[in-house]
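Contents: one structure, followed by commentary.
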Amino acid sequence: MPKKSIPIGKSTVLPPRKKDRIFADTLTSEYLQELMTFCRVAKQGYAICICNVPKSREDLILQLLERLEPDGIGLYPVKLQAKDLSLGKKLRILLGSGKFKQFKNSHKKVVLSITGLDDTIREEEKEFKKRPVALQGLNQQRDYFRTLPFPLLLWIPEWLAGRLPEFAPDFWVAKSVVLECLSAPEVVSQSMSQMSGAEIEFENVDEAKRKIRIYKRLVEISKDKPTKSTFLLNLGILHQKLGNYLKAKELYLQSLAIDEELGDKSGIAKTLHQLGMIHHVQGNYPEAVKTYEQSLKIAEELGDRGGIATTLHQLGNIHYLQGNYKEAVKKYEQSLKIKEELGDRSGIAKTLHQLGMIHHVQGNYKEAVKKYEQSLKIAEELGDKSGIARTLHQLGMIHQDQGDYKEAVKKYEQSLKIAEELGDKSGIAKTLHQLGMIHQDQGDYKEAVKKYEQSLKIAEELGDRSGIAISLHQLGMIHHDQGNYKEAVKKYEQSLKIAEELGDKSGIATTLHQLGNIHYVQGNYPEAVKTYEQSLKIAEELGDRSGIARSIGQLGRINEEQKDYKEAMRKYLITLSILKELGSPDAKIAENDLIRIRKKMGEKVFEKAWKEIAGKK
Amino acid sequence: MSKPKKAKVIPKSTKSIGPANNLADAYNAVLSDLEDRSFFDAYYINRPDSPIEEIKNRIIKSRTPVKILFAGQPKSGKTTELFRLRKELEDKCFIVYYSVYRDMEPADLKYQDLLLLSAIKLSEEAIKRNIKIHKDVKKLLSDWFIQISGEVFETKTKEKKRELEAGINLKYLVAKLGLGFKTSSEVRTEIRKKLEPRVGEIIENIDILSAIVKNQTKKEPLLIIDDLEKVDLEVAKDIFFGHAQTLGKPNLKTIFLFSKSMTYTEEGRIVASQLSKPIHLPNVMTTNREGRPHQTGLKLLEQIILKRMDKVLFEGDAFDYLFKTSNGVLSDLFSIIAGACITAISKERKKITWDDVDVHFKLLTDEFRRVIKEEFYPTLAQIYKEKEAKNDEHLSKMLHVLAVLEYRDEKGIYYDVHPAVVPLLQEKKLIHSL
């Protein structure tokens, strides 16, 4: 997350009447200078000013007005309304009016500033299949506009700029200049918030692409190195959020090079953090940790608490992925503490979410939901779509784990919708995967495979090895459920390989368990026991109670097959007690196991064994 | 007490205007309208490739009322060349010039309208220059105008009515008719209805006026209809195709501005065979079809620029860069220079740098990016590589928006992509970046 702070120009306050630049904000002052130059230099003709955001436009016009007055240049605003279908007519009336004549006489020079042309294009004309009425007149009267004895500023939004050359070509051709005043200041000031690590946000993919274009231009035109470095960084972040990891990395390295040249430690720390995220998301955990720790070190040197908090959070993420939950919690709690001191609500929401995930993965569903709901609340208050999508997904998982598929699908579909708006491929892949699992649980294998394969495809596009491993595992399970054991083993082993490369203990445990199931179902008990015990060991390391229960339950079944009913019963009891605590629907299965074994053992033997086990406890 | 007059913002200088020596003057110089006589005299350069000489000769030497179709891509400088023509033919011709944009409603234009307006404008010009029109002729014309204009002339005052009936106030008649025709679609519809069986009469009246003018002034009347190439292609086809012969009938030498897109159509070819082969104003070539620099074109552009502004206002390689940005489209060249002036002045510099030019060249690319539809890109890439183009819908549209430029050399016609479109092709990886 970029944390460079560039002072933001106070664009809402009227500046004092000085010639020097008030705005440190690079772009606003550039636009303003060009507009002023046009007003001063041009004797006639019209400049097309492309500006999308009414507020920016109003600000610029206000600035112009203030700055031109002392030189005797009067900026005369003309606002077109929907009914003003002929600009020429409106101007003729206006210019003949007493009010205007008075204005003209009290100034050395007049410039007309015309807004509202886009309002004269009716909704139904916006399809642009035919020339809109308002534009017809523009075209015909271009000589009138061109030869008026004062220069004109014609303000239009970008969408209209795309249409004028086609529908009023002669008007377009006769323009004096084009001044693009795109709303980059908004983009820049948003991202340069001083809080604690600002984020480059966007509402949807189109906006992201537009911001990418703006930043690209900013990079091209910025001569000032520190500024260029920041823009490169921001551009990288935008690409990263869209999943273009290679492009993001390239941009980060460019930014880093400049920072190193300038000896800008703060910049280096931020960029290293981002580079760490790329390694992270591609599953290169050792590299990621190394890079994050480099960043952290510098942040600590600089006393950059916001930066420290953010990088601690990321390190927590890596521990989490590798199943080092205790370490992860430690890092998250350190991060959370700093964020609370800084009042970084966005960061707090993220870390709460992560803590929720750790509870979740250890089966503490109640605690997990608590943390998720806290996180979701803040994300909703902040309008943080990305955070909302993530947390909804997690809540979906909890519903799913507790067997409430209806609620789970609801949450997943909400999450998916937002992820698609944001172009968050990683999020889309994860949620598709979960929906696949629900289909699978309900026996709809066709739909399940469809979802898994969609998810797998995206994971491959992203180079998200963790995601690939998970999808492969699930596809294995489908083959498994359909009795295609050979295929199933193949997929499981592919998944296991990646999980081992990643050091993803939870993934290893789960896949081992499944392989154990295959051995079991083929009657190969020694192999099965071996594999289940490997899985159990890891689940115990992780404190993954659901996984422990699973493995013990299976081992119990093998005991049962081998007629060691007492051992089997003991195992089933343990399984039942864990699953009941978790509120898992699988508890029923464990109950049935006990009922069955009771029948096999006979009442008396059962009671005796029960007492023994109870006594031992 | 009257207020002292404020100095006019636009100086009508009587002394000759030289090349600008500062950026503010340069800005205004490149954007100046050459239809203003003083600017024309100051800045106009004779283009060696211009067909104006040819047109001039045809008009002077022809004994028949020749009809010329003058075509060229948008922004190629046709109106300026016509201005030169008008200047040069002033002594030999009685020039009547009108624009379908200024004097008519181009969206609703029919062939009869052109004829009617030609008659109206010819009358107006004759009256303006005090051509003596015999009483009888005046009456004839007035009666005719009144007949076709019907209710347009609801005369309110008795005097006007009497005058009208006497056919004396032809001037008033013609002015009112022209205005009504331009501004009201009802008037147009009504008049067209009345004209339908009487198109022959319009032609007769034009011939009469034409003869009177020639007789009195000893000058050949010449009618120039400008902006006709800007009307919608469908409207233009409707006007020319099928009515070309009628349009050709008046005994009046005429120059019609003709849409280049139409020259690519079958209808256009037929019109040309009935009236005359279109004369094209070519784009200025700065590189030839092999991609090598074309010295004549480069020299011309250089002269055009330097007549307006001093070379010293360009720093380093900014001047050379200019030639790569427009490949002969003059108005884009001026646009870029004007923009560069603004940028340089805003940064408190006295000279234009390479970067200033580049910024505005990129803005031009942005314009194309907004306008060119996705489906055109493959064709554009092909044209870029082969300098040839298939004559189809795409070509017509792309010529119209200037994404594709047509050039003419000894070998014939060839095409190239506008330099500002090339970066878009590179962006889309359709061609290699340099």
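Naming: A, B, ... by sequence-line order, numbering from 1 per chain.
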Just by distance, do the side chain of B:Asn28 and the backbone of A:Ala42 share a donor-acceptor pair under 3.5 Å?
no
What part of [X] gets closer than 4.5 Å to chain A, counting heavy atoms only: side chain, backbone, both or neither?
X	value
B:Asp332	neither
B:Ser331	side chain
B:Lys362	side chain
B:Leu31	side chain

Pairwise distance [atom1]([X]) to [atom2]([Y]) - rounded to 0.5 angstrom:
X	Y	atom1	atom2	result
A:Gln136	B:Glu105	CD	CD	6.0 Å
B:Glu348	A:Gln33	CD	CD	6.5 Å
A:Leu179	B:His360	CG	NE2	7.0 Å

Check against side-chain contact (heavy atoms from CB on, under 4.5 Å), B:Tyr101 and A:Asp143:
CA-CA 10 Å; B:Tyr101 260 31; A:Asp143 288 327; over 6 Å; no
B:Val30, B:Val401, B:Asp366, B:Asp232: which one forms the most heavy-atom pairs within less than 4.5 Å of chain A?
B:Asp366
Do B:Phe368 and A:Pro165 touch side chain to side chain, with heavy atoms closer than 4.5 Å?
no
State whether B:Glu367 and A:Lys175 are salt-bridged, where the test is any N-O pair (Lys NZ or Arg NE/NH1/NH2 against Asp/Glu carboxylate O) under 4.0 Å.
yes
Checking A:Glu34 against chain B: side chain, backbone, both or neither under 4.5 Å from a heavy atom?
both
